[in-house]
Peer 1: 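Before I ask anything, let me first share the structure, which is written out below as structure tokens.
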Amino acid sequence: MTLDRCEGLAETARALAAGEVTSRVLVERTLTRIEATQGSLNAFRIVRAEAALAEADAADREQASKGRRKPLLGVPVAVKDDMDVAGEPTAFGCCGEFPPVAEDGEAVRRLRAAGAVIIGKTNTCEFGQWPFTEGPAFGATRNPWSTDHTPGGSSGGSAAAVAAGLVPAALGSDGAGSVRIPAAWTHLVGIKPQRGRVSTWPRGESFQGITVNGTLARTVADAALLLDAASGNHTQDPHQPPRLDVSGAVGRDPGRLRIALSLKPPFTAVPARLLPEVRTRVVELAERLAALGHVVEEADPPYGQIGLTFVPRATAGIAERVGEAPFPALLDRRTLGAARLGRLLGGAPLRAARRAESVLHRRIGGFFTSYDVVLAPTTAAPPPRIGALLELSGFATDRTMIAACPYAWPWNVLGWPGVNVPAGFTPDGLPVGAQLLGPANSEPLLVQVAAQLEAELRWWEKWPSPPVTARSAAA
């Protein structure tokens, strides 16, 4: 294992179990990589150096006891700054000094139960609203493939940390593509699971149910392994889907599938156009799937006016967060504007939006009687430059955001799984991705297809060149 970048999640866990390396050594190397890149990438809001080393020592003692092996015992991982980690603040991208929380959130608790060492909390934009990770609370998080560009958002810190090889995998959250968008823009696998698969407790529903916790990693197997480790529910979670072995599906033959290539953006109130450099890469993936024996044809799910159900849920969720914020005067003006709209829509429009979900399930679910999987762009454009959206008005931000990222959010309304896979690079060398989308509880099928593509394309072999961590560590 090298200093400049880490091995994958499964390989790290294997090396620890085999006694080839200790957790303390791995955590020390991880802390060194984070320190070396914090000035260039700025992936982390909080680095738990002292606590993580203590957890590593405890993991090494447990390894030496030769008891029952936990799947991630001693492996350092990161979580997004919207997740509660006991003893640390949960600022969720906001300015101000937040008090430490008393208990781990359920997803973090389950990672610890699997043996993981929580190395730190990664940067996210304010309340996770935007597909960039910048703000006055922490500055700008940068893309390891081009530090002039954003890694995306809102799980941009987690994506940057994994793409640069600082950690083998990380948790993020996805309310309108916030795992899949940064995965696409940093050449990663990003799994947005079924609603409730990974608990969002202490919030039974986050942002009126559109936000779920998911995973980012360099390979399908690593993303699935972290997903299985974090999966499960608090007893009071309102959504408790059936338990799945997603890791066990990796590498299994999915058979000959009917795949719908969907290139048309769902209905949006402002124009959105798929840029040619992204379209080309997604069509190439479709051709690869056809060469693997699947039946691929262009077809679009019957989205209808699904956007009318998203806005009340998203903005009402922002209003709830603003109402709890300890420093409302420090919030972005766009956040306050979204909260005002959310308060207006929080009554009858919100109730109608929530009722419409079952109708959408039936209508769009009917599409999956003809097709098994949807392949769609994850974004319509490559990652924008740092600062391109930071100072825009609320309306201009929404227009720019919708134009760049019109494809991901419908699956948040539905609560169904989606997996971003790397689709290649633009002529300028910027990563782009594609989504594999399925109906309820279809994570095993989606990772089977993703793993088929990965075996063909071997995307994990490509790193930012020269590796950011190596250049920084040698400086």
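Worth knowing before you read on, the calculation uses all heavy atoms, side chains too, and leaves out hydrogens, waters and symmetry mates.
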Peer 1: Is there a side chain to side chain donor-acceptor pair (under 3.5 Å) between Ser262 and Glu298? Walk through the geometry before answering.
Peer 2: CA-CA 6 Å; Ser262 178; Glu298 289 198 37; over 6 Å; no
Peer 1: Are Glu454 and Arg458 within salt-bridge range, i.e. N to O under 4.0 Å?
Peer 2: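 Looking at Arg458 together with Glu454, the answer is no, because their closest N to O distance does not fall below 4.0 Å.
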Peer 1: Assess whether a salt bridge exists between Arg288 and Glu456, defined as any Lys/Arg side-chain N lying under 4.0 Å from an Asp/Glu carboxylate O.
Peer 2: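 Salt bridge between Arg288 and Glu456, a charged N being under 4.0 Å from a carboxylate O: yes.
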Peer 1: Is the closest side-chain donor-acceptor distance between Thr133 and Thr141 under 3.5 Å?
Peer 2: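 No, no side-chain donor-acceptor contact under 3.5 Å.
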Peer 1: Quick one: are the ring centres of Trp459 and His187 less than 6.0 Å apart?
Peer 2: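 No, they do not, as the ring centres are separated by 6.0 Å or more.
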Peer 1: I'd like to know if the side chain of Lys121 reaches the main chain of Pro89, judged simply by a donor and an acceptor atom lying under 3.5 Å from each other, with no hydrogens or angles considered.
Peer 2: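 Yes; judged by distance alone, with no hydrogens or angles, the pair exists.
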Peer 1: Has the side chain of Asn412 got a donor or acceptor atom that lies under 3.5 Å from a matching backbone atom of Asp174?
Peer 2: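 At least one qualifying donor-acceptor pair exists.
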Peer 1: To the nearest 0.5 Å, tell me how far Gln435 CD sits from Thr378 OG1.
Peer 2: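 Gln435 CD to Thr378 OG1: 4.5 Å, rounded to 0.5 Å.
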Peer 1: Might you confirm whether atom CD of Glu461 has over 12 heavy atoms from other residues, nucleotides or ligands at distances under 6.0 Å?
Peer 2: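 Yes.
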Peer 1: Looking at Thr37 and Leu41, would you say the former's side chain and the latter's main chain have a donor-acceptor pair under 3.5 Å?
Peer 2: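 Not confirmed, Thr37 side chain does not pair with Leu41 backbone.
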Peer 1: Looking at Glu126 and Arg334, is any side-chain nitrogen of the basic one under 4.0 Å from a carboxylate oxygen of the acidic one?
Peer 2: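 The answer is no: the pair does not qualify as a salt bridge.
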Peer 1: I want to check something: taking the side chain as every heavy atom from C-beta on, are Ser231 and Arg110 in contact at a cut-off of under 4.5 Å?
Peer 2: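 Answer no - side chains too far apart.
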Peer 1: Please examine the side chains of Ile118 and Val79, heavy atoms only from C-beta on, and report whether any two atoms are closer than 4.5 Å.
Peer 2: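 A side-chain contact under 4.5 Å exists here.
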Peer 1: Please report the closest heavy-atom contact between Ser393 and Arg333, naming both atoms and the distance.
Peer 2: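 For Ser393 and Arg333, the tightest heavy-atom pair comes out as N-NH2, 3.8 Å.
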Peer 1: To check you understand the geometry: which heavy-atom pair defines the closest contact between Ala224 and Val246, and what is its length?
Peer 2: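 Heavy-atom minimum between the residues: CB-CG1, 3.9 Å.
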Peer 1: What closest approach, in Å, do Ile364 and Trp411 show between heavy atoms, and which atom pair accounts for it?
Peer 2: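 Heavy-atom minimum between the residues: CG2-CH2, 4.3 Å.
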Peer 1: Scan Val179, Val162, Asp222 and name whichever one has a side-chain contact (heavy atoms from CB on, under 4.5 Å) with Leu188.
Peer 2: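 Among Val179, Val162, Asp222, the one that satisfies the side-chain contact (heavy atoms from CB on, under 4.5 Å) with Leu188 is Val162.
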Peer 1: Please report the C-alpha distance between Thr215 and Leu171 in whole Å, then the side-chain angles of each, then the deciding distance to 0.1 Å, and finally whether the side chain to side chain contact (heavy atoms under 4.5 Å, CB included) criterion is met.
Peer 2: CA-CA 5 Å; Thr215 60; Leu171 285 186; 3.7 Å; yes
Peer 1: Check whether any side-chain heavy atom of Trp185 sits under 4.5 Å from a side-chain heavy atom of Thr150, and report yes or no.
Peer 2: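 When only atoms from C-beta onward are counted, Thr150 and Trp185 do touch, with a gap below 4.5 Å.
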Peer 1: If you take all heavy atoms of Ala217 and Ala169, which pair is closest and at what distance?
Peer 2: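 Distance-wise, the nearest heavy atoms are CB-CB, 4.1 Å.
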Peer 1: Parallel, tilted or perpendicular, judged at 30° and 60°: which one describes the rings of Trp409 and Phe310?
Peer 2: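 Aromatic pair Trp409/Phe310 classed tilted.
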Peer 1: Please examine the side chains of Ile34 and Gln38, heavy atoms only from C-beta on, and report whether any two atoms are closer than 4.5 Å.
Peer 2: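 When only atoms from C-beta onward are counted, Ile34 and Gln38 do touch, with a gap below 4.5 Å.
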Peer 1: Using a 3.5 Å distance criterion without hydrogens, assess whether the side chain of Thr30 forms a donor-acceptor pair with backbone atoms of Val167.
Peer 2: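 No, Thr30 side chain to Val167 backbone: no donor-acceptor pair under 3.5 Å.
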Peer 1: Does a salt bridge link Arg112 with Glu55, judged by any charged N lying under 4.0 Å from a carboxylate O?
Peer 2: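 A salt bridge is present here (some side-chain N lies under 4.0 Å from a carboxylate O).
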Peer 1: Of all heavy-atom pairs between Val311 and Thr315, which one has the smallest distance, and what is that distance?
Peer 2: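 Residues Val311 and Thr315, closest heavy atoms: O-OG1, 2.8 Å.
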Peer 1: Any donor-acceptor pair under 3.5 Å linking the side chain of Arg48 with the backbone of Ile119?
Peer 2: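 It does not hold such a pair.
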Peer 1: Arg197 vs Val212, test: side chain to side chain contact (heavy atoms under 4.5 Å, CB included). Steps then yes/no.
Peer 2: CA-CA 8 Å; Arg197 178 81 57 220; Val212 302; over 6 Å; no
Peer 1: Counting N and O atoms only, with roles assigned by atom type, does the side chain of Arg258 sit under 3.5 Å from a partner on the main chain of Val295, one being a donor and the other an acceptor?
Peer 2: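 Flag not set: sc Arg258 to bb Val295 has no pair under 3.5 Å.
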Peer 1: Would you tell me whether Ser247 and Asp228 have side-chain atoms, one donor and one acceptor, within less than 3.5 Å of each other?
Peer 2: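 Judged by distance alone, the side chains do pair up.
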Peer 1: To the nearest 0.5 Å, tell me how far Asn420 CG sits from Leu436 CG.
Peer 2: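 Those atoms lie 8.5 Å apart.
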Peer 1: So Trp460 and Val189, side chain to side chain contact (heavy atoms under 4.5 Å, CB included) or not? Walk me through it.
Peer 2: CA-CA 9 Å; Trp460 75 88; Val189 176; over 6 Å; no
Peer 1: Nearest 0.5 Å, please: how far is OG1 in Thr124 from CE in Met83?
Peer 2: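 The CE atom of Met83 sits 9.5 Å away from the OG1 atom of Thr124.
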Peer 1: Are Glu277 and Asp428 side-chain neighbours, meaning at least one heavy-atom pair lies under 4.5 Å?
Peer 2: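 They are not in side-chain contact.
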Peer 1: Taking the side chain as every heavy atom from C-beta outward, state whether Leu390 and Trp130 have any pair of such atoms under 4.5 Å apart.
Peer 2: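 No - every pair of side-chain heavy atoms lies 4.5 Å or more apart.
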Peer 1: Any heavy-atom pair between the side chains of Thr12 and Val21 that's under 4.5 Å?
Peer 2: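 No, side chains not in contact.
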Peer 1: Is it the case that the side chain of Tyr407 and the backbone of Leu263 share a donor-acceptor pair, with hydrogens and angles ignored and the cut-off at 3.5 Å?
Peer 2: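 Indeed, once roles are kept as given, a pair shorter than 3.5 Å links the two residues.
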Peer 1: Going through the checks in order, is the side chain to side chain contact (heavy atoms under 4.5 Å, CB included) test met by Leu26 and Val75?
Peer 2: CA-CA 8 Å; Leu26 286 179; Val75 179; 5.8 Å; no
Peer 1: Distance from Asp104 atom CG to Asp84 atom CG, nearest 0.5 Å?
Peer 2: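 Reported to 0.5 Å precision, the distance equals 8.0 Å.
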Peer 1: Indicate whether the side chain of Ser206 and that of Arg203 have a donor and an acceptor atom separated by less than 3.5 Å.
Peer 2: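 On atom types as modelled, these side chains do not qualify, holding no pair under 3.5 Å.
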Peer 1: Taking the side chain from Glu134 and the backbone from Gly387, do they hold a donor-acceptor pair closer than 3.5 Å?
Peer 2: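 It does hold such a pair.
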Peer 1: Indicate whether the side chain of Asn213 and that of Ser173 have a donor and an acceptor atom separated by less than 3.5 Å.
Peer 2: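 Note: Asn213 and Ser173 side chains miss the donor-acceptor criterion.
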Peer 1: With no hydrogens and no angle check, do the side chains of Lys80 and Ser155 hold a donor and an acceptor under 3.5 Å apart?
Peer 2: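 Looking only at side-chain atoms, Ser155 and Lys80 do form a donor-acceptor pair, the distance falling under 3.5 Å.
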Peer 1: Which heavy atom in Phe207 sits nearest to a heavy atom in Ala314, and how many Å separate them?
Peer 2: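 Closest approach of Phe207 to Ala314: CD2-O, 4.0 Å.
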Peer 1: How many angstroms lie between atom OG1 of Thr186 and atom CD1 of Ile181, to the nearest 0.5 angstrom?
Peer 2: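 Output value for this atom pair is 11.5 Å.
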Peer 1: With distance as the sole test, does Arg195 use its side chain to make a donor-acceptor pair with the main-chain N or O of Gly209 at under 3.5 Å?
Peer 2: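 Yes; at least one donor-acceptor contact below 3.5 Å.
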Peer 1: Could you check whether any side-chain heavy atom of Gln448 comes within less than 4.5 Å of a side-chain heavy atom of Val250, counting everything from C-beta outward?
Peer 2: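 They are not in contact (no side-chain heavy atoms under 4.5 Å apart), so the answer is no.
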Peer 1: Is it the case that the side chain of Arg218 and the backbone of Lys462 share a donor-acceptor pair, with hydrogens and angles ignored and the cut-off at 3.5 Å?
Peer 2: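 The answer is yes, because a donor-acceptor pair under 3.5 Å joins these two groups.
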Peer 1: OH/Tyr303 to CG/Leu360 distance, rounded to the nearest 0.5 angstrom?
Peer 2: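 Here the rounded value is 11.0 Å.
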